[in-house]
S.K.: 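To start, I am sharing the structure in question, which I have written as structure tokens.
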Amino acid sequence: MALGNAKPTFTCDSCGRRRSGASTTSVTGRRLCAECDDQLTGAAAGVMASQGRVGEAIATAGWFTALRAHRRSRPSPGDSA
């Protein structure tokens, strides 16, 4: 049965929300939506950059997530409006 333009759906293992489109698989095998993947990536970067200080890692995750969300909402250079 053809799905046409339908996107596959999945349930994010982190937030539990049902999503459509692309997912990311974490190193532990969890299937994550884009927002949860951003949080995980930002937290990991924060832990490495802050030498394990949790508060700074959480702050880095927040900044990283906000930056990625902003970049996703902007049209690509070649897109027509």
Side-chain angles (χ1 to χ4, degrees):
M1 178 163 90
L3 296 176
N5 291 331
K7 295 180 181 178
T9 60
F10 67 97
T11 301
C12 177
D13 290 331
S14 184
C15 67
R17 290 183 279 186
R18 190 137 180 89
R19 301 293 193 148
S20 64
S23 67
T24 302
T25 303
S26 72
V27 295
T28 58
R30 296 184 306 150
R31 199 166 182 190
L32 304 175
C33 64
E35 291 83 9
C36 290
D37 182 50
D38 290 348
Q39 282 288 318
L40 180 62
T41 302
V47 167
M48 288 187 283
S50 67
Q51 300 173 354
R53 292 188 293 272
V54 175
E56 292 177 25
I58 292 169
T60 302
W63 278 102
F64 187 78
T65 300
L67 176 65
R68 292 290 297 257
H70 176 71
R71 292 185 73 189
R72 268 192 215 89
S73 67
R74 290 187 358 213
S76 297
D79 290 349
S80 60

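Not measured: the values here are computed from a predicted model.
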S.K.: Check for a donor-acceptor pair, side chain of D13 on one end and backbone N or O of L32 on the other, with a separation under 3.5 Å.
M.R.: no
S.K.: Mind running side-chain contact (heavy atoms from CB on, under 4.5 Å) on S26 and L40 for me, showing each step along the way?
M.R.: CA-CA 9 Å; S26 72; L40 180 62; 4.0 Å; yes
S.K.: Could you go step by step and tell me if T41 and R68 meet the side-chain contact (heavy atoms from CB on, under 4.5 Å) rule?
M.R.: CA-CA 11 Å; T41 302; R68 292 290 297 257; 5.7 Å; no
S.K.: The criterion is side-chain contact (heavy atoms from CB on, under 4.5 Å); which residues satisfy it with R19, sequence neighbours excluded?
M.R.: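 Testing R19 for side-chain contact (heavy atoms from CB on, under 4.5 Å), a comparison that skips the adjacent residues, returns F10, R17, C33, E35.
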S.K.: Could you tell me whether the side chains of T25 and R31 share a donor-acceptor contact shorter than 3.5 Å?
M.R.: no
